[in-house]
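Worksheet: one structure, shown below.
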Amino acid sequence: MLIMVNDETHDVAATTLAELLEELGYRGARIATALNGHFVPALQRAATPLADGMRVEVVAPMQADKAACERLT
Amino acid sequence: MTDRIQDNREDNRMDVLFYGQALSFPLMLGTAQYPSPEILRDAVLAARPGVVTVSLRREAAREKTGQAFWSLIQELGVPVLPNTAGCHTVKEAVTTAHMAREVFGTDWVKLEVIGEQDTLQPDVFGLVEAARILSEEGFKVFPYTTEDLVVAERLLACGCEVLMPWGAPIGSGRGLNNVFGLRALRAHFPGVPLVVDAGLGVPSHAAQALELGYDAVLINTAVARAGDPAQMARAFRLAVEAGQLGRAADPMEERDMAAPSTPVAGKAFLG
């Protein structure tokens, strides 16, 4: 299934948000997630199913520069 | 908001409380735009700010730059104020605040809803709405606003206990563009912690804000983009301390006419 993660398309086997993060290598990382523009708390990731074409945002604390501004809407 | 000031008699200072908490020093330092993480660390060590503001940005699984950055922030041991920097809509800002609360483990949030690209001035309508939503959800909102008194009233009415008016557009380094307006805001809300956020360029701007009675300043670009960020960070710390002491010392009134600083009585007649 094709999932957009931070604007990059990934063809993944994962069926939940938790599995997606595992598959992409985010295990143990201090991150927060949003699915189609809606915040998904860490505890709900395992119970959040994915569907083809969904947009996932994965963010972390960052020394941002001025140009960096992701769109969550 | 009668608990804004806590009398600290031991060192003869009055500590301002931000949602019930005193800052160790009335300087907030942003962590964006430094040439390197090492320079950021040196600047924080030189400024010894009361809080550092931190953003969330996209994390790539293979690079994990955010994880290294977070380790650095934790090592510094300074309380964190997450921000919603760069958000242009209520939804974006609210979602970012939710994510920040989870990542940073604090309900403090510096709320930015940017309304205009050239000046990066806040969209005050969106700001008030986002502040209301987040306050109702238990967030302790630090709203980046203008010096507009009516907007300030609305923000306080929807639960904000701190206001962060701009000095000048973000990153402009112009200092306090509207001293009259900032003075009016201070006078109208004597019990509300006020922080000048954005637009300060040199240490004297920070001293001026404290002299006007502002309770703290937030600096980022002025330090991060200085030729020597650590030295500039130290200079801002000294300026904040000078402004704070000057304010506490009860400055003289300005006057239009000269007044001799040395009394003339008893002066020898030599004409």
Side-chain angles (χ1 to χ4, degrees), chain A residues 1-48 50 53-73, chain B residues 30-37 39-41 52-74 80 82-105 112 114 117 120 137 170-171 220-221 224-225:
Chain A
M1 138 169 78
L2 296 180
I3 302 289
M4 294 279 280
V5 180
N6 293 348
D7 272 353
E8 276 183 27
T9 306
H10 293 263
D11 192 357
V12 297
T15 59
T16 66
L17 184 55
E19 288 172 11
L20 176 77
L21 297 174
E22 184 75 23
E23 186 174 335
L24 295 180
Y26 285 104
R27 180 192 286 197
R30 195 175 190 96
I31 52 170
T33 51
L35 184 65
N36 288 346
H38 297 282
F39 170 61
V40 180
L43 289 174
Q44 290 175 22
R45 288 176 195 153
T48 302
L50 297 177
M54 279 183 161
R55 289 183 303 111
V56 174
E57 293 286 339
V58 182
V59 298
M62 204 74 75
Q63 193 187 339
D65 61 47
K66 231 183 229 171
C69 171
E70 72 283 334
R71 284 278 166 185
L72 298 167
T73 47
Chain B
T31 56
Q33 300 186 63
Y34 291 79
S36 71
I39 292 174
L40 164 63
R41 185 183 57 221
V52 289
T53 61
V54 182
S55 304
L56 289 174
R57 289 293 180 262
R58 285 172 166 170
E59 175 80 319
R62 48 194 177 278
E63 289 151 15
K64 294 210 172 68
T65 43
Q67 309 311 305
F69 177 66
W70 178 238
S71 299
L72 168 62
I73 295 296
Q74 283 183 304
V80 168
N83 66 32
T84 64
C87 291
H88 285 70
T89 65
V90 172
K91 181 171 184 291
E92 229 181 349
V94 169
T95 303
T96 301
H98 286 149
M99 297 203 288
R101 180 162 62 180
E102 183 175 86
V103 167
F104 297 108
E112 287 185 23
I114 300 300
Q117 205 48 54
L120 299 180
E137 292 179 0
I170 295 173
N220 190 341
T221 311
R225 289 296 193 221

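What you see is a predicted model, and the numbers here were worked out from it, not measured in a lab. Throughout, a chain's letter reflects where its sequence line sits, starting with A, and its residues are numbered from 1.
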**Message:** I'd like to verify something: which residue of B/V103, B/V80, B/V94, B/T65 has the highest number of heavy-atom pairs under 4.5 Å with chain A?
**Reply:** B/V103
**Item:** pair A/I31-B/Q67: side-chain heavy atoms closer than 4.5 Å
**Value:** yes
**Request:** Could you look at B/P82 and say if it's the side chain, the backbone, both or neither that has a heavy atom under 4.5 Å from chain A?
**Result:** neither
**Request:** Look at the side chain of A/E57 and the backbone N and O of B/R58, then say whether any donor-acceptor pair between them is shorter than 3.5 Å.
**Result:** no
**Request:** Would you give the length of the straight line joining atom CD of B/E102 to atom CZ of A/R30, rounded to the nearest 0.5 angstrom?
**Result:** 9.5 Å
**Item:** More than 12 heavy atoms of other groups within 6.0 Å of A/L2 CG
**Value:** yes
**Message:** Taking side chain as everything from C-beta outward and backbone as N, CA, C, O, which of these in B/L40 sits under 4.5 Å from a heavy atom of chain A? Side chain, backbone, both or neither.
**Reply:** side chain
**Prompt:** What part of B/A68 gets closer than 4.5 Å to chain A, counting heavy atoms only: side chain, backbone, both or neither?
**Reply:** neither
**Prompt:** Given that the side chain runs from C-beta out, which part of B/T53 has a heavy atom under 4.5 Å from chain A: side chain, backbone, both or neither?
**Reply:** neither
**Prompt:** Closest heavy-atom contact between B/K91 and A/G37?
**Reply:** NZ-O, 2.9 Å
**Complete:** Between A/A60 and B/G66 the two heavy atoms that sit nearest each other are CB-CA, 4.1 Å
**Request:** Search all heavy atoms of B/T95 against all heavy atoms of A/A34 and return the closest pair with its distance.
**Result:** CG2-CB, 4.4 Å
**Complete:** If one checks every heavy atom of B/V54 against chain A at 4.5 Å, the contacting part turns out to be side chain
